[in-house]
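See below for the structure under consideration.
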Amino acid sequence: MPVRATQRGENRTPLSGSYDAIICGASFAGLAVARELAGARRADGSSARVLMLDRYEIGERQTSACGIPTVWLEAMDLMDSHRQTFHQLVVHTPGHTHAWPLPWSLSTFDYRELCNLLFERSDCGFETAKVNCRSGDTVHTDRGDVSAPLIVDCLGWRRVLAGGQSFQPPDAPLSRGLEVHPGGKGDELEIWIDKRYVPAGYGWSFPAHDELRIGVGSFDPRFHVKEPTVRLADDLGSDPEGYQGNWIPHELRDATEDGIFFAGDSAGHCLPLTAEGIRTAFYFGIVCGRELRAVIAGERSREEALRSYAAYNDAHEWKFRWMLRAQRLVPRLRPRALRGVVVAMTLKRLVDWSFLHYLRIAPPDIVSAAPAPPPPVRRRRPERVAA
Ligand SMILES: Cc1cc2nc3c(=O)[nH]c(=O)nc-3n(C[C@H](O)[C@H](O)[C@H](O)COP(=O)(O)OP(=O)(O)OC[C@H]3O[C@@H](n4cnc5c(N)ncnc54)[C@H](O)[C@@H]3O)c2cc1C
């Protein structure tokens, strides 16, 4: 079991030291990276020193409605955090309701339980500290400086460890989402594509056994989602309590920058249109973690790992681009056309085709797939000997 330090009050001790890898952010992406580094060894056979940092304790602050394809929960062996499973998606448009029979089910889970399960299976150290910035291989936190040749930013959309231009709403490609978590029960996973709640985006109700996660997401960061979230909860007969919200990136970004690896929202890995970002944070976190493991083991250089991870990320760019196109198109559809699409998706062949393609953007097979082989060693051309 990993040992946790207490960092509250007078026990909030200064932080320092050098590590093989530092994972900044202990939510979906960070914990997926940590999972891949469990038991990692250096080239000399000694255990790797890996540190994970987050401003909150593991699982303390829920960052999503926690809906995910069930196959992903199973593949990651996280069913102990499972709450409820849904085999269809109920879609409401103005005046109409249709059910899409899904080819794979979606499940809700408990955030704290899932994070703790993942953390228990890692063997990295963990410290609560606010990450402020970075210079070179050193991460500056509110408790002091720590350094490592391998640093991963899993800190969410702010991409704290990147330098460069500011990336702020409302000008950055960010959606916004807010939800409430009233107690209650429900049998259906429901979404509302209805301009009365949000001109571009959707509302949702995700039941999770004894609580509902009711929210509204807007693709337009200028549109305020608090009033429609409260209204949707009210329309569903629930009290708006337990607010949780954030900005959600809807454009893929570079997965490496200035020697740093990025995974999850910090790399824009949340999918446009659906704002589904948990399995993609797992997916890219796993790939990133395997790269780091190979570097620690001396099987490849940091530069090779940076190149390989960046190339893997870029190979997915066209999928994210298509999802973004759909995100831009759907709000422009006239009510009749929108209803036509929603009705068409009740056809099994069409819903199977589209949802199976959608799952393949970040399929769960990656969890059990063998790590990618190290890239071929580039041999330097022999220097010419002057005659
Ligand atoms: C309202 C809402 C509902 C959503 N529902 C779903 C859903 O049902 N299914 C789905 O797939 N996606 C959903 N998403 C999207 C999903 O939540 C994100 O894509 C996902 O959380 C990204 O994971 P991550 O690990 O990259 O970042 P995050 O989950 O945002 O985690 C970032 C971590 O970094 C820490 N951190 C941030 N800054 C600092 C700092 N300076 N110092 C130290 N620590 C820091 C945070 O405490 C946090 O633990 C939802 C988003 C919103 C806003």
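Atoms within a ligand are numbered from 1 in the order they appear, just like the ligands themselves. Heads up: numbering here begins at 1 and tracks the sequence.
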Intermediate values then yes/no, side chain to side chain donor-acceptor pair (under 3.5 Å), S105 and T70: CA-CA 6 Å; S105 65; T70 314; 2.6 Å; yes
Salt bridge check: are [X] and [Y] linked by an N-O gap of less than 4.0 Å?
X	Y	answer
R112	E60	no
E211	K185	no
D142	R12	yes
R290	E36	yes

Specify side chain, backbone, both or neither for [X], according to which of its non-hydrogen atoms lie closer than 4.0 Å to ligand 1.
X	answer
T141	neither
A129	backbone
F206	side chain
S266	neither
S64	both

Which of the numbered atoms in ligand 1 are below 4.0 angstrom from a heavy atom of [X]?
X	value
C66	7 (C), 8 (O)
G264	26 (O)
N246	53 (C)
A275	12 (N), 13 (C), 14 (N), 15 (C)
Y56	47 (O)
G67	7 (C), 8 (O), 9 (N), 10 (C), 11 (O)
E276	10 (C), 11 (O), 12 (N)

What protein heavy atom sits nearest [atom], and how far away is it?
atom	answer
atom 42 (N) of ligand 1	V131 N, 2.8 Å
atom 33 (C) of ligand 1	D54 OD2, 3.6 Å
atom 31 (O) of ligand 1	S27 CB, 3.0 Å
atom 23 (O) of ligand 1	F28 CD1, 3.6 Å
atom 19 (O) of ligand 1	D265 OD1, 2.8 Å
atom 27 (O) of ligand 1	G156 CA, 4.1 Å
atom 43 (C) of ligand 1	R55 N, 3.2 Å

Decide whether the shortest distance between a heavy atom of [X] and an atom of ligand 1 is less than 4.0 Å.
X	value
L155	yes
G215	no
Q244	yes

Output field: ring centroids Y197/F223 closer than 6.0 Å: no
Check: F284 ring centroid to H316 ring centroid under 6.0 Å: yes
Is there a polar contact between ligand 1 and [X], counting only N or O atoms under 3.5 Å apart?
X	answer
T63	yes
A29	yes
G277	yes

Co-membership, hydrophobic cluster, residues L359 and W322, 4.5 Å side-chain: no
D220 side chain to S218 side chain, donor-acceptor N/O pair below 3.5 angstrom: no
Atom CZ of R61 with >12 non-hydrogen neighbours under 6.0 angstrom: no
Neighbour count >12 (heavy atoms, 6.0 Å) for atom CG, D210: yes
Mutual orientation of the aromatic rings belonging to H92 and W192 [parallel < 30°, tilted 30-60°, perpendicular > 60°]: parallel
Ring geometry between W157 and F167 (parallel below 30°, tilted from 30 to 60°, perpendicular above 60°): tilted
Test ring-ring contact (aromatic ring centres under 6.0 Å, His included) applied to F320 - qualifying residues, sequence neighbours left out: none
Criterion side chain to side chain donor-acceptor pair (under 3.5 Å) on Y358 and E276, from CA distance to verdict: CA-CA 11 Å; Y358 175 65; E276 198 203 342; 2.5 Å; yes
Of the listed options G217, A208, C154, G25, closest to atom 32 (C) of ligand 1 (non-hydrogen atoms): C154
